[in-house]
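Have a look at the structure below before the remarks.
Chain letters run A, B, ... following the sequence lines, proteins first and then strands; every chain starts at 1.
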Protein chains: 2
Amino acid sequence: MAAKVTLKDIAREVGLSPTAVSLVLNDRPCKISEESRRRIKEVARRKRYVPNQIARSLVTQRSQTIGLVVPNIESRFFSSLARRLELGCRERGCALLITNSDDAPGNDAELVRLLTARGADGLFVVASDEASPADHGLAATLSQIPVPYVMVDRVVAGLPCDKVSFNNEQGGYLACRHLLEAGHRRVACIVNIVSQTGRERLSGYLRALREFGVEPDPDLVLTSAYYIEDAYEASKALFSTDATAVFASSDNIALGLLKRLYARGLRVPRDVSVVSYDNSAADVLFEPTLTSIEQNVSELADAALDLLFRRLDEESAGELGAPEERVLEPRLVAGESVRQLSA
Amino acid sequence: MAAKVTLKDIAREVGLSPTAVSLVLNDRPCKISEESRRRIKEVARRKRYVPNQIARSLVTQRSQTIGLVVPNIESRFFSSLARRLELGCRERGCALLITNSDDAPGNDAELVRLLTARGADGLFVVASDEASPADHGLAATLSQIPVPYVMVDRVVAGLPCDKVSFNNEQGGYLACRHLLEAGHRRVACIVNIVSQTGRERLSGYLRALREFGVEPDPDLVLTSAYYIEDAYEASKALFSTDATAVFASSDNIALGLLKRLYARGLRVPRDVSVVSYDNSAADVLFEPTLTSIEQNVSELADAALDLLFRRLDEESAGELGAPEERVLEPRLVAGESVRQLSA
DNA sequence: TTGAAAGCGCTAACAT
DNA sequence: ATGTTAGCGCTTTCAA
């Protein structure tokens with residue numbers, strides 16, 4: 001454990017002022033003689049000077065740090081998102097402070113405060129899914145923080161701020177339409193009804209049914225909680241229906257469903273057709289490959305980065321524009337898990 | 001975006017000094033009248049005062065922030081680790097700054113510097129696996145930073161510092177011994193030879209063979225790179241051997257292997273027995289369940305937290321002790337993927 | 001019971 | 001071409 005080296009140490013050793021050292025080390029346009037520059041850099045390197053960001057932040061009012069709140073870093077979707085955001089921030093000279101809310105709405109607001117207290121210049125916030133559409137704790141906290149932020153993926157309605165998310169309703173619609181177009185009429189849907197995201201996907205599913213003139217059957221809408229095991233349990237109820245196809249509205253749900261189907265000796269798509277959502281790497285295993293609704297994480301991250309850093313630019317430039325909301329479209333990627341029913 | 005409120009603002013409003021406000025808001029033992037206390041707290045709450053951690057850090061020389069360098073946050077193992085470390089840090093009043101090295105040894109050292117420059121009080125470092133056993137870039141950087149750190153999971157030999165890791169050699173040994181005990185004699189091993197971890201597991205495999213008097217057969221040692229697809233490719237070579245069992249020395253390798261076996265129409269354990277390593281959630285899907293070598297992430301995180309925070313205590317107390325290295329033992333968890341051969 | 005003053009390490013005006 | 005001064009927001013002696 002080496003000792004800390006400060007600007008002043010270097011200044012003393014070189015026999016110049018701290019200012020001169022600061023100027024040179026930051027490559028600022030100034031008139032310091034080549035000779036002095038050389039010596040300053042020499043000494044800095046030899047003493048392994050590392051500038052103290054904390055001190056710099058205090059005076060510049062910029063920490064070069066961005067905060068991120070995610071519900072669950074263990075989920076593949078969020079860890080990918082975190083990774084891309086971190087890359088993007090680093091490219092722009094910032095570090096990313098990642099925090100985990102464990103999907104507990106109470107934590108969201110606390111983490112937002114913690115992050116701003118630590119001087120984050122801006123925030124990416126993925127709200128807890130269980131947050132009510134107008135979560136007041138979070139909304140109130142966000143409206144009071146002194147830095148720009150972007151709500152990502154899960155969006156609290158009625159909060160006028162920058163937002164990026166996927167169109168979940170459309171995702172559900174695409175999934176169900178695909179099954180209907182393949183000739184299925186008894187299409188089940190397994191959904192986490194507690195989740196805002198899940199409800200949106202469900203309403204897309206219903207829209208597709210309506211569009212095809214198919215009467216929605218409550219018995220075909222199965223509810224499952226978040227985990228694979230929950231979906232495994234929920235899927236049992238399928239066997240007492242005449243469904244020929246299932247829309248599994250999340251990756252975990254798809255995994256639980258498939259496990260259940262296999263355990264029962266059923267084959268996909270021979271016996272049941274399946275459309276999944278947001279295929280995780282795990283699905284690479286499946287023969288046949290799964291047809292699924294894909295959300296492009298990079299696109300999400302890029303949009304969020306773009307929005308936040310634009311805001312930061314605007315902020316330092318003076319005036320900032322109106323909040324912007326971007327909705328990204330999911331895509332259906334055809335695999336081999338849907339059987340074409342002959343008419 | 002609200003404005004920033006400082007100690008001074010409150011002091012002015014209450015008509016007391018910043019000192020008084022600081023004392024009260026930090027609950028320091030001091031003699032400020034109950035009446036003043038009340039008013040200070042009142043105003044602080046009303047104005048939604050949030051203390052500026054940056055300023056505080058500058059004077060206390062403590063940022064209440066810990067840094068983490070992981071090779072790949074998208075990997076389940078590391079994201080779980082990150083989550084547990086973050087929880088542990090938060091319990092202890094610290095935030096965790098998570099950074100991703102993309103398994104590039106060059107990034108390790110840079111991130112370590114970045115984190116310390118940002119005033120991290122301590123560091124958890126998971127080295128890039130491809131870092132040579134005595135990676136000098138990283139080792140040199142680490143030996144010069146002014147804060148304590150713990151090397152986690154992947155350990156650079158010859159660096160005298162706190163370390164926590166799993167015994168990979170023992171893991172390989174347990175896996176292979178289990179197969180040998182089940183009567184298998186033609187036991188293949190698929191391993192990422194580029195990785196330090198992989199090589200250790202391989203040598204455990206070889207030790208088990210020696211112990212059972214089985215001559216190692218080079219044809220049964222297959223090399224694969226990191227990803228599932230690599231393992232899928234590598235596994236093809238199995239079919240030209242007479243192996244009855246396979247030790248898949250990582251989770252990705254197990255997935256690629258299984259995909260290959262299934263594609264070929266082979267069944268586990270009927271046709272081939274398999275022992276996996278570090279089962280990820282994905283494996284929950286398999287029927288039969290996989291026998292595998294398990295590493296307890298919580299244990300790893302707890303040990304790392306314990307070590308680092310003890311160091312931090314020692315540091316502020318005065319003298320600090322000698323580096324400590326903890327090696328955790330993996331466990332074999334029996335599933336149904338190993339067939340007992342009758343003698 | 002309270003406040004003034006100094007200073008953490010750095011940057012940014014403003015001298016010289 | 002280089003230095004001085006002031007101050008970011010906070011904590012911490014030390015003095016009143």
Are B:Arg154 and B:Asp103 ion-paired here, with the side-chain N under 4.0 Å from a carboxylate O? yes
Apply salt bridge (Lys or Arg N to Asp or Glu O under 4.0 Å) to the pair B:Glu13 and B:Arg39, showing each step before the final yes or no. CA-CA 10 Å; B:Glu13 177 138 350; B:Arg39 289 179 47 224; over 6 Å; no
What residues in residues 15-22 of chain B put a non-hydrogen atom under 4.0 Å from any atom of DNA chain D? B:Thr19, B:Ser22
Any side-chain to backbone donor/acceptor pair from A:Glu325 onto A:Val164? Under 3.5 Å, distance only. no
Give the minimum heavy-atom separation between B:Leu312 and B:Ile66, together with the two atoms involved. CD1-CD1, 4.0 Å
Side-chain heavy atoms of A:Phe124 within contact of A:Leu81, under 4.5 Å: no
Mind listing the residues from residues 47-65 of chain B sitting with a heavy atom below 4.0 Å of DNA chain D? Number order is fine. B:Tyr49, B:Pro51, B:Asn52, B:Ala55, B:Arg56, B:Val59
For A:Ser36 and A:Ser33, what are the C-alpha separation, side-chain angles and deciding distance, and is it a side-chain hydrogen bond (donor to acceptor under 3.5 Å, both in side chains)? CA-CA 5 Å; A:Ser36 297; A:Ser33 70; 2.9 Å; yes
Whole angstroms only, please: what is the CZ-C1' distance between A:Arg28 and C:dA13? 13 Å
Report the residues that fulfil side-chain contact (heavy atoms from CB on, under 4.5 Å) with B:Glu74, sequence neighbours left out, ordered by chain and then residue number. A:Arg76, A:Ser79, A:Ser80, A:Arg83, B:Asn72
Does B:Arg48 CZ have over 12 foreign heavy atoms under 6.0 Å away? no
Check against side-chain contact (heavy atoms from CB on, under 4.5 Å), A:Arg84 and A:Leu305: CA-CA 9 Å; A:Arg84 303 220 72 99; A:Leu305 286 161; 6.0 Å; no
Which nucleotide of DNA chain D is the first, and which the last, in the 5' to 3' direction, to come under 4.0 Å of a heavy atom belonging to chain A? D:dA1 to D:dG9
Whole angstroms only, please: what is the CG-P distance between B:Leu23 and C:dA4? 14 Å
Specify the separation, in whole Å, of atom CG of A:Asp9 and atom P of C:dG9. 8 Å
Contact check, side chains of A:Val150 and A:Arg311, non-hydrogen atoms, under 4.5 Å: no
Of the residues in residues 33-44 of chain B, which ones touch DNA chain C at a heavy-atom distance under 4.0 Å? B:Ser33, B:Ser36
Worked check of salt bridge (Lys or Arg N to Asp or Glu O under 4.0 Å) between B:Glu315 and B:Arg310: CA-CA 8 Å; B:Glu315 204 188 24; B:Arg310 190 201 302 173; over 6 Å; no
Could you walk me through whether A:Val125 and A:Val152 pass side-chain contact (heavy atoms from CB on, under 4.5 Å), step by step? CA-CA 6 Å; A:Val125 181; A:Val152 183; over 6 Å; no
Side-chain donor or acceptor of A:Asp102 paired with backbone N/O of A:Ala104 under 3.5 Å: no
Would you indicate whether the side-chain heavy atoms of B:Asp306 and B:Arg326 approach each other to under 4.5 Å? yes
Verdict with reasoning, B:Glu324 to B:Lys163, per salt bridge (Lys or Arg N to Asp or Glu O under 4.0 Å): CA-CA 6 Å; B:Glu324 184 172 335; B:Lys163 300 172 183 178; over 6 Å; no
Bend of the helix from C:dT1-D:dA16 to C:dT16-D:dA1 from end-axis comparison, five pairs per end, nearest 10°, comes to 50°
